[in-house]
Student: 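Got a structure for you, written out below as C-alpha cells; questions coming shortly.
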Amino acid sequence: MYLRNSSNAARLGEGAIQIGGRSLAYLQVGDPNGPLVLHNHGGPSSRLEAKVFASHALKLGLRFVCVDRPGQGKSDPQHGRTFAGWAADLEAIANAFETDRFAVTGWSEGGPWALAAAAYLDPAKLIHVTSIAPGSYGAFGTNWQRRICPRPTPWAGSLHCISGRVSS
C-alpha cells in the first residue's frame, strides 16, 4: 500500500491510498503533525465531510482524515466488503500515514463502520472510537430498503413507505 498524490503522509489536502489494488480517496484537515483521527463519513456523503471538522481539528491539534468508503466518492468499489474488511482497511490507512496509534470516529451511516474498528482492531493501536448518531443501514444487508419498500416515491422516499402507503 502507498499514498498517491502526496509527497509525504503529513501533507494536508486530498489524496488517495492504494490497498490491494484498490484506490481509497481521502481528505486530510487539521494539524498534519497531530494525533491521527480516521473519520467514517455519513451517507450519502464523502471524504469532503472532513471540511465540517477542519477548524476544530486544527484548534485541537488533530490530524483528521476522512476516507471515501469503497464505492463511494472517488474510492474504488470492493465487492463483498465486510465490516472486518473495512476495519483492516482502516488499519492499513493508519499504517500508510505512519502512525502506531490512532482514533476512529463515525457519523450517521459511518457509525457502524467506526464500531467495526472497535470489534476487529487491536486496542493497543486503536486508542479511541466514537460513533456519532449512528445509522445502522448496513446491518440488514445490501438493498434492505428495496425488500421493505420496493417502490418508494421520489418525493417521499422511505418515509412514505414506512407509513404503510406504498405508491405505484
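The figures that follow rest on heavy atoms only: side chains count, while hydrogens, waters and symmetry mates do not. Throughout, numbering of the chain's residues begins at 1 and tracks the sequence.
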Student: Which value, rounded to the nearest 0.5 Å, describes the distance between H39 atom NE2 and T130 atom OG1?
Tutor: 10.5 Å

Student: Would you say W107 and V52 make side-chain contact, with heavy atoms under 4.5 Å?
Tutor: yes

Student: Are any side-chain N or O atoms of R69 and backbone N or O atoms of H41, one a donor and one an acceptor, separated by less than 3.5 Å?
Tutor: yes

Student: What's the spacing between N95 CG and L90 CG if we round to 0.5 Å?
Tutor: 11.0 Å

Student: For S108 versus G42, what's the shortest heavy-atom pair and its separation?
Tutor: CB-CA, 4.2 Å

Student: Atom CG in L38, atom CZ in R63: separation rounded to 0.5 Å?
Tutor: 9.5 Å

Student: Which pair of heavy atoms, one from A87 and one from A116, lies closest together, and at what distance?
Tutor: CB-O, 3.8 Å

Student: Which heavy atom of A92 sits nearest to which heavy atom of I19, and what is that distance?
Tutor: CB-CD1, 3.7 Å

Student: Is any side-chain heavy atom of F64 closer than 4.5 Å to one of T105?
Tutor: yes

Student: Which heavy-atom pair separates A50 from C66 by the least distance, and what is that distance?
Tutor: CB-CB, 3.7 Å

Student: Honestly curious: do L27 and L60 fall in one hydrophobic cluster under the side-chain, below-4.5 Å linking rule?
Tutor: yes

Student: Linking I/L/V/M/F/W/Y whenever their side-chain heavy atoms sit closer than 4.5 Å, directly or via other members, would V104 and V29 fall into one cluster?
Tutor: no

Student: Tell me, with the steps shown, if F102 and L121 meet side-chain contact (heavy atoms from CB on, under 4.5 Å).
Tutor: CA-CA 11 Å; F102 61 99; L121 297 182; 3.9 Å; yes

Student: Give a yes or no on whether L58 and L36 share a hydrophobic cluster (residues Ile, Leu, Val, Met, Phe, Trp, Tyr; joining criterion: side-chain heavy atoms under 4.5 Å apart).
Tutor: no

Student: Contact between W86 and V67 at the side-chain level, heavy atoms closer than 4.5 Å - yes or no?
Tutor: yes

Student: Name all residues meeting the salt bridge (charged side-chain N to carboxylate O under 4.0 Å, His left out) criterion together with R22; count only those two or more places apart in sequence or in a different chain, and write none if there are none.
Tutor: D89

Student: Considering all heavy atoms of both residues, which atom of A114 and which atom of G106 are nearest to each other, and what is their separation?
Tutor: CB-N, 3.6 Å

Student: Compare every heavy atom of S131 with every heavy atom of G111, then report the nearest pair and how far apart it is.
Tutor: CA-OG, 3.3 Å

Student: Would you call the rings of Y26 and F97 parallel, tilted or perpendicular, where under 30° means parallel and over 60° means perpendicular?
Tutor: perpendicular

Student: Hey, is CG on D122 packed in by over 12 heavy atoms from elsewhere, all under 6.0 Å?
Tutor: yes

Student: Using modelled atom types and a 3.5 Å cut-off, is there a donor and acceptor pairing between side-chain atoms of S23 and backbone atoms of A16?
Tutor: no

Student: Quick one: does F53's side chain get under 4.5 Å of V37's, heavy atoms only?
Tutor: no

Student: K125: what forms a salt bridge (charged side-chain N to carboxylate O under 4.0 Å, His left out) with it, not counting sequence neighbours?
Tutor: E91

Student: Count I, L, V, M, F, W, Y as connected when their side-chain heavy atoms are under 4.5 Å apart, and connections chain through other members. Are I93 and W113 then in the same cluster?
Tutor: yes

Student: Using 0.5 Å steps for rounding, measure from the CG atom of D68 to the CG atom of D76.
Tutor: 10.5 Å

Student: Just by distance, do the side chain of T99 and the backbone of R101 share a donor-acceptor pair under 3.5 Å?
Tutor: yes

